[in-house]
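Below is one structure, written out as structure tokens; the observations come after it.
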Number of protein chains: 2
Amino acid sequence: MTSRTEQKCLEKGIRMTHQRRVIAKVLSEAMDHPDVKEVYDRSTAIDRRISLATVYRTVRLYAEMNILDSLELGEGRTRYEESAETHHDHLIDLKSGKIIDFTNAEMEALQNEIAKKLGYRLVGHKFEIFALPLAETEGE
Amino acid sequence: MTSRTEQKCLEKGIRMTHQRRVIAKVLSEAMDHPDVKEVYDRSTAIDRRISLATVYRTVRLYAEMNILDSLELGEGRTRYEESAETHHDHLIDLKSGKIIDFTNAEMEALQNEIAKKLGYRLVGHKFEIFALPLAETEGE
DNA sequence: TTAACTGCAAAGATTTTGCCGCTGA
DNA sequence: TCAGCGGCAAAATCTTTGCAGTTAA
């Protein structure tokens, strides 16, 4: 009944309204990286009493509370996903548009090293690989 | 007289108009990562006969021709910079907003490896580190 | 009870586009 | 010459916000 995302909201003491509960559920169940319009569509399918403005306000709130992560893929809109315990990055399949999550420990270590070398403390990062399926490019 | 960016345009056979020449010059001389409005302001300071629509059309054209690289930092707009021979990534100083370019060979190698492991051929990537100056966080 | 939240519609910001006159090669 | 380009203004997106009524704690 209580989604993972809702659980995190409760832990952070966020006031849970009906709308926020539905949006939390939608994101906990999402296996992809929906944008606001998609979150809105999935939410209103569960309950009509949710406006697009509320979805915008809620995902922004959740992202600020580190309950959601946001993705900017240069599409002119923001996608969201549940924050995972284990950090991961994204590979965007340019053929299908599919987004593949991956983790790489070396990457994570390297980032810290780079930031430190430049005199900084790492706060966050965005790492996206754009690529084509190997099969598609064979024989070129 | 002929900027580096203009030179690349000529090599690619792009029709050089007055406006495109000015925009090329602005980007060749930019030491930062200006957004479209900034490119427009710098361009019109050189010559008034340039419209915002033309700047949008031109930077998009240049980016498609790999003459410029675009940056999406989650600000809701796109920044541009000259494509360098040596690829580099960005560290965003969250205190000052300053963007620091850096190169890291290990990073470049790691990307290819990750893509390959997932069954893909690397086409491009975006890697941005968000960080705070070490001095600012001392004593916390 | 009441501070916070929501819906609605309007406004903002960024980017694209249709149309028509202009221009570079 | 003339296909392609640029200016202008309208429109298309995506996102935020003011206001007044509603609701969670």
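Just so it is clear: chains get the letters A, B, ... in the order the sequence lines come, proteins before strands, and each one is counted from 1.
- For A/Thr17, no side-chain nitrogen or oxygen approaches OP1 or OP2 of C/dA4 to under 4.0 Å.
- Between the CG atom of B/Leu61 and the P atom of C/dT15 there is a distance of 16 Å, rounded to whole Å.
- One can find a donor-acceptor pair under 3.5 Å joining the base of C/dG7 and the side-chain atoms of A/Arg57.
- Regarding contacts with the backbone of C/dG7, a side-chain N or O of A/Gln19 is found under 4.0 angstrom from either OP1 or OP2.
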Practice problem: Go through A/Met65 and A/Ser83 one step at a time and tell me if the side-chain contact (heavy atoms from CB on, under 4.5 Å) criterion holds. | Solution: CA-CA 10 Å; A/Met65 302 296 277; A/Ser83 315; over 6 Å; no
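- At a threshold of 4.0 angstrom between heavy atoms, the contacts of B/Arg15 include nucleobase atoms, whether or not backbone atoms are also involved.
- Using a 4.5 Å cut-off between side-chain heavy atoms of Ile, Leu, Val, Met, Phe, Trp and Tyr, with links allowed through other members, A/Phe130 and B/Leu118 fall into different hydrophobic clusters.
- Atom CZ in A/Arg77 sits roughly 14 Å away from atom C1' in C/dT15 (whole-Å rounding).
- Rounded to an integer number of Å, the gap from CZ of A/Arg20 to C1' of C/dG7 is 14 Å.
- Residue B/Ile14 contributes atom CD1, which lies 16 Å from atom P of C/dG24 at whole-angstrom precision.
- Protein atom CG of A/Asp35 is 8 Å distant from nucleotide atom P of D/dT15, rounded to whole Å.
- Residue B/Lys37 places its NZ atom among 12 or fewer non-hydrogen atoms of other residues, nucleotides or ligands, all under 6.0 Å distant.
- Closest-nucleotide positions on DNA chain C for B/Gly76 and B/Arg21 were compared, and the one nearer the 5' end corresponds to B/Gly76.
- Ionic pairing of A/Asp47 and A/Arg49 is present here: one or more N-O contacts between side-chain nitrogen and carboxylate oxygen are shorter than 4.0 angstrom.
- Rounding to whole angstrom units, CE of residue B/Met16 and C1' of D/dG4 are separated by 14 Å.
- If you take CD of B/Glu75 and P of D/dC14, they are 19 Å apart, rounded to a whole angstrom.
- Distances shorter than 4.0 Å separate some side-chain N or O of B/Thr78 from OP1 or OP2 on C/dT15.
- Across residues 39-56 of chain B, B/Arg49, B/Ile50, B/Ser51, B/Ala53, B/Thr54 each have a non-hydrogen atom less than 4.0 Å from an atom of DNA chain D (numbered order).
- Side chains of A/His90 and A/Glu128: a donor-acceptor N/O pair is absent below 3.5 angstrom, by distance only.
- Enclosure of atom NZ in A/Lys25 is not indicated, since only 12 or fewer non-hydrogen atoms of other residues, nucleotides or ligands lie within 6.0 angstrom.
- Atom CD of B/Glu64 and atom C1' of C/dT16 are 13 Å apart (whole Å).
- At most 12 non-hydrogen atoms from other residues, nucleotides or ligands lie less than 6.0 angstrom from NZ of A/Lys116.
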